[in-house]
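Protein chains get the first letters and strands the later ones, always in sequence-line order, with residue 1 at the start of each.
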Protein chains: 2
Amino acid sequence: MYLEVRHLYTLRVIRDSGSLARAAERLHLTQSALSHQIKALEEQFNCTLFARKSRPLRFTPAGTRMLELAEQVVPAVQAMERELARLAGGETGRLHIAIECHSCFEWLMPTIDSYRDHWPEVEMDLSTGFSFDPLPALVRGDIDLVITSDPQEIAGIIYEPLFRYEALLTLAKDHPLASHAWIEPPHLATETLITYPVDRSRLDIFRHFLEPAGIEPAGRRTAELTLIILQLVASKRGVAALPNWVLTDYLEQDYVTARPLGKQGLWGTLYAALRTDDRNTPYVRDFIETATETSFRTLAGIQPA
Amino acid sequence: MYLEVRHLYTLRVIRDSGSLARAAERLHLTQSALSHQIKALEEQFNCTLFARKSRPLRFTPAGTRMLELAEQVVPAVQAMERELARLAGGETGRLHIAIECHSCFEWLMPTIDSYRDHWPEVEMDLSTGFSFDPLPALVRGDIDLVITSDPQEIAGIIYEPLFRYEALLTLAKDHPLASHAWIEPPHLATETLITYPVDRSRLDIFRHFLEPAGIEPAGRRTAELTLIILQLVASKRGVAALPNWVLTDYLEQDYVTARPLGKQGLWGTLYAALRTDDRNTPYVRDFIETATETSFRTLAGIQPA
DNA sequence: CATTAACATGAATAATATTCAAGTTTAACA
DNA sequence: TGTTAAACTTGAATATTATTCATGTTAATG
C-alpha cells in the first residue's frame, strides 16, 4: 500500500465529520472500508493517526501532519483537475439555474461565488421558480439546471442528488406541541400551517406526512421569505415545516424551537435536474461538485444522498 | 479511476527518462502497465498528456500542467513520509558507511548532502574500504552500510540493489582498439590494464570477462584515484575498465574514448549491504531511497536494478 | 523491405480495495 | 450493574482495479 490522494481526501472528510461512521457516509463507503483504510495507513507509517475514543475524534501529531499535507495536496489536485477540464474543451458555456427550493440561497450563494472563480467564462444566471414551472423550461433549453426536491420522471432529464435534509416543524418556543419529542399528523389538525407559496402537491409535509394520514391542518397561509415565515411562527400565527439547516442559527439563538415530523423524521433529498446531454459537460459537473462540497461545509445537519 | 500520487510519480519519472519504456524499468513495471496507466489518465481527463512519436517525448500543455502538480505534490508527500518515519521512532541513530566502489563519490556526496537535511540527528561517517575488508566489520557492527558491486552470501547480511551500470573499456582517443565497435577478451592480451588497487577477484573485468575466456592482459598497474587512471589511459600507459557514468564528462570533452566489453557489454550492479536487523530501520531505508533517487538524477547511463 | 525499438491493446491474472457478517468497545441510561 | 445503541474492529468473501502476458501496430533505420 502507498499513500494516495484518496487517503488524504478521506482524512479531510474524517476531520470535517468528526467520526469514521459519518465520514464513511459522505465518501459513499462502508464504515468498515474506512476502518480498513485507516488501519492500513497506520500500519504503513507505524503510528496511530487519531484517537477514536473521543467525540469528535482527535488527531494525533502524526495525523495532524498528514492532514496538513492533505490540506495542501487535495485543493491543488482539484485545481488542476478543473484546469484540465477547461482545457479539454467546454471551457465556456451557459449555466442558467432555476431554484424551486426557497431556502437554498444559504448554500447557493457561496457555491456560486466559488464556482465563478473556477469558471469565469461560464455565463451564469439565477432565477427563482416562483412563478413558472421550471422543468419544461429545462427541457426546452431556456434554463440549464434546476434545484428541486421533487424529481419527476421526464424524458431527457436526469436528477443528480445533492444531499438529504430533514424537515422540522418549527414552533414558537412556548408552543404546546413543543412538549412532544416528535410530531404526529393529528397534532396538526388544529394548527395553521405556514408554507412557501407553492402548490401543496409540491410540499413534502402534505405529500409524505399529512395526506398519508388523511389529516388537514386547520388553516394555511403562505409567505415567500424564510425570515417572514419565522417571524410568523415566533409570534404564534402558525407552525411551519422547514429544512433543518435553515434553522440551526435560530435554534441556537433560541428564537424558535423545532421538532421532528414523525418518530423517524421527515427526510427529503435535494436534486440538481439537468438535461441528459449535459450529464458529462465539465462545467456542469463541476457546478454540482462545488455545490455538494459547499453545502457540506456550510450547512449543519445535512446527510449525503 | 482517480488521479493518485502514483500517477504523479509516474509522470515525473517519464519526464526524467524521456520514454515510457525506460520509465517503466525505473518504476519496476512493465511497459504495458505504464501504457495502460497513462491511457486511463488520458481518458479520464479526455486529453493527451504527451506526444509519443518524438524522442524524447514531449508533454502537451495538459501534461505539463499535471507535471507541475506532480512537482508540487510528490516532494511534499515524501517530506511528510520522512517526518512521520522520524516521529514513529528511530529518528536518531548511527550510519557508518564504507565504500568498496572507488568511483562512487560522484553520487555519494550529493546523496549524503540531501540525506543530512532529512536526518540531521543521524550520526554519519564514511570510510573507504581500501585497506580492510568491510563486510566482517559490517557483521560485527563496526559499520552499518557497505556500498559494493560484489555481493557475497553472508548470514545476517542482505544486499539492496541500487542500480546497474556498464563497465566500459577506456582508451586513448587514437588507440588502435578504438576502431572496434566493441572489445573482445583477446584484444586485451597485449594491453596493460590499469585498475584500482584491489584484488583481481573483486574486479568484474577479470571475473566476468577475461577469466571466462582464459585471457591475461600483458600487464597490470594500479591507481587509487579515477583521475589518475584517466591520465594514464590518455597518455597511453594502458587501458582501464570504468563505469560508464564516470566517463560521461570525459567522453563529452573528448579527453578519452570508450568501448563496450563484449557485444552485450559488461554490466554490474551496485548494492548497499546492510545487516538484516537494519532492513526496516527508517533512517537506513531512507538512505537507500535517497541514494537511488540521487543516482538517477545525477548519473547518466545507469539502469534500474 | 527486413529489422528493431517503442508504444498500444485485449484478455488473463494478480493485487488491492471494499463489503459482509460477525465481534469488541465505549458511552449513555435505566 | 446490567442493557442498549452507536462507533469502531476484524477476518473472510467478493468486487474492483492494476498489472502482466502475448501479441499487434507503428515509425525509424540500415
State plainly whether the residues B:Glu42 and B:Arg52 are in salt-bridge range, i.e. N to O under 4.0 Å.
yes
For nucleotides 25-30 of chain C, 5' to 3', base contacts (B), sugar-phosphate-only contacts (S) and non-contacts (-) with protein non-hydrogen atoms under 4.0 Å give -SS---
> How long is the span from the CZ atom in B:Arg15 to the CD atom in B:Glu71, to the nearest 0.5 Å?
Replying inline: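 With rounding to 0.5 Å, CZ (B:Arg15) is 4.5 Å from CD (B:Glu71).
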To the nearest 0.5 Å, atom OG1 of B:Thr257 lies from atom CG of B:Leu169 at 10.0 Å
Please check: side-chain N/O of B:Thr10 versus main-chain N/O of B:Arg6, any donor-acceptor pairing under 3.5 Å? yes
Item to check | Heavy-atom donor-acceptor pair, B:Arg164 side chain to B:Leu270 backbone, under 3.5 Å | outcome: no
Looking only at non-hydrogen atoms, find the nearest pair between A:Thr281 and A:Asp277 and report the distance.
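Minimum heavy-atom contact is OG1-O, 3.9 Å.
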When every non-hydrogen atom of A:Arg259 is compared with those of A:Ala178, the smallest separation belongs to NH2-O, 2.9 Å
Atom-pair distance ([atom1] on [X]; [atom2] on [N]), nearest Å:
X	N	atom1	atom2	result
A:His7	C:dT18	NE2	C1'	12 Å
A:Glu4	D:dT16	CD	P	20 Å
A:Arg6	D:dT17	CZ	P	10 Å
B:Met1	C:dA15	CE	C1'	17 Å

- When you look at B:Trp245 and B:Thr298, which way does the side-chain contact (heavy atoms from CB on, under 4.5 Å) test go after all the steps? CA-CA 9 Å; B:Trp245 86 72; B:Thr298 320; over 6 Å; no
Per the under-4.0 Å heavy-atom filter, residues of residues 10-32 of chain A near DNA chain C come out as A:Leu29, A:Thr30, A:Ser32
DNA chain C contacts made by residues 36-46 of chain B, counting heavy atoms under 4.0 Å:
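Hits under 4.0 Å, by residue number: B:His36, B:Lys39.
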Exercise. Centroid-to-centroid, A:Trp107 to A:Tyr165, below 6.0 Å?
Worked result: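 Not close enough - the centres of the two rings lie 6.0 Å or further apart.
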Would you say B:Arg52 places a side-chain N or O within less than 4.0 Å of OP1 or OP2 belonging to D:dA27? no
Heavy atoms, side chains only, cut-off 4.5 Å: are A:Arg65 and A:Pro61 in contact?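 Not touching, per the 4.5 Å side-chain cut-off.
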